[in-house]
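For the numbers below, each heavy atom of this structure counts, side chains included, while hydrogens, waters and symmetry mates do not.
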Amino acid sequence: FISCCGVFSRRVMRERWLGAMVELHRDPVAVVRRAVAGSLSQWKRVMKGSTDTSYVQAFESARQRLTMDEDDLVRAATQASLQQIAADESDWDQKARDDADKCREVEEGNLAEMVRDQKNTER
């Protein structure tokens with residue numbers, strides 16, 4: 001998830017991977033929950049621009065659950081992510097990130113169009 005956030009647009013991340021993140025924060029394996037906790041800041045970035053309130057509710061539920069997790073390392077990863085979220089919200093470079101995301105969306109659209117054209121050519 002974390003690796004994909006820098007490659008794909010927020011829209012693609014929401015459509016393809018965010019649902020899995022919602023489920024994984026409840027995983028019985030602590031190392032999985034730790035990975036999810038460590039990705040909360042990316043999860044928050046991916047939600048930006050979404051009109052789907054269920055993502056916000058799921059994020060808050062995950063944040064609360066992971067903050068009170070039984071595993072010390074999960075709680076520590078959660079706190080680190082929440083600190084990163086606070087830093088991101090005060091970051092002056094938000095516009096640059098938004099512009100980069102728009103560029104990724106355009107590139108994804110162009111790639112999808114090329115794939116459709118190739119499929120049509122093959123028929």
Side-chain angles (χ1 to χ4, degrees):
F1 183 82
I2 294 171
S3 298
C4 293
C5 283
V7 177
F8 297 102
S9 69
R10 291 185 291 243
R11 181 183 53 79
V12 167
M13 293 300 296
R14 279 191 305 269
E15 291 172 0
R16 305 280 186 215
W17 286 292
L18 200 52
M21 294 301 291
V22 169
E23 296 305 316
L24 288 174
H25 85 276
R26 295 185 203 102
D27 198 275
V29 178
V31 73
V32 173
R33 294 192 313 276
R34 193 176 324 140
V36 172
S39 70
L40 286 176
S41 60
Q42 286 84 0
W43 185 351
K44 182 83 170 183
R45 287 181 200 140
V46 165
M47 290 187 320
K48 184 176 182 179
S50 174
T51 57
D52 188 343
T53 58
S54 67
Y55 290 136
V56 175
Q57 292 168 347
F59 176 84
E60 286 303 316
S61 173
R63 183 192 59 76
Q64 288 174 350
R65 183 180 180 100
L66 295 169
T67 299
M68 298 182 295
D69 197 274
E70 62 195 36
D71 186 278
D72 293 340
L73 294 175
V74 172
R75 288 193 311 272
T78 303
Q79 288 306 313
S81 283
L82 295 176
Q83 290 171 351
Q84 182 61 50
I85 290 169
D88 286 350
E89 289 174 352
S90 66
D91 187 4
W92 60 271
D93 205 24
Q94 285 287 341
K95 184 176 178 347
R97 278 200 292 259
D98 290 344
D99 290 345
D101 185 67
K102 287 177 187 173
C103 287
R104 283 191 292 270
E105 276 196 35
V106 168
E107 291 169 359
E108 291 161 357
N110 292 340
L111 183 58
E113 188 175 323
M114 286 175 33
V115 169
R116 278 192 300 274
D117 289 347
Q118 181 64 31
K119 285 183 179 180
N120 289 337
T121 302
E122 290 173 358
R123 290 182 190 170

Pairing of Arg33 and Asp71 as salt bridge, 4.0 angstrom limit: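 So Arg33 does not pair with Asp71 through a salt bridge.
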One thing to verify: whether Arg63 and Glu60 come together as a salt bridge, which I'm taking to mean a side-chain N less than 4.0 angstrom from a carboxylate O. yes
Where Met21 and Ser39 come nearest, the two heavy atoms and their spacing: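 In this case the closest contact between Met21 and Ser39 is CE-OG, 2.9 Å.
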Of all heavy-atom pairs between Met47 and Tyr55, which one has the smallest distance, and what is that distance? SD-O, 3.3 Å
Please round to the nearest 0.5 Å and tell me the distance separating atom CD of Gln42 and atom CD of Gln84.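 One gets 7.5 Å once the value is rounded to the nearest 0.5 Å.
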To the nearest 0.5 Å, tell me how far Arg116 CZ sits from Gln118 CD. 13.0 Å
Report whether Val29 and Val22 are members of the same hydrophobic cluster (ILVMFWY, side-chain heavy atoms less than 4.5 Å apart, transitive linking). yes
Just wondering, do [Y] and [X] contact through their side chains at under 4.5 Å, heavy atoms?
| X | Y | result |
| --- | --- | --- |
| Phe59 | Leu40 | yes |
| Thr78 | Val36 | no |
| Arg34 | Leu66 | no |
| Ser9 | Val12 | yes |

Between Arg11 and Glu108, does the side chain to side chain contact (heavy atoms under 4.5 Å, CB included) criterion hold? Intermediate values first, please. CA-CA 10 Å; Arg11 181 183 53 79; Glu108 291 161 357; 3.7 Å; yes
Flag if over 12 foreign heavy atoms under 6.0 Å of CZ, Arg26: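 It does: Arg26 CZ has more than 12 such atoms within range.
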Are the side chain of Ser61 and the backbone of Gln57 linked by a donor-acceptor contact shorter than 3.5 Å?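 No: the side chain of Ser61 does not pair with the backbone of Gln57.
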Main chain of Ser81, side chain of Ser41: is a donor-acceptor contact present, judged purely on distance under 3.5 Å? no
Val74 and its side chain to side chain contact (heavy atoms under 4.5 Å, CB included) partner, picked from Val32, Val31, Asp69: Asp69
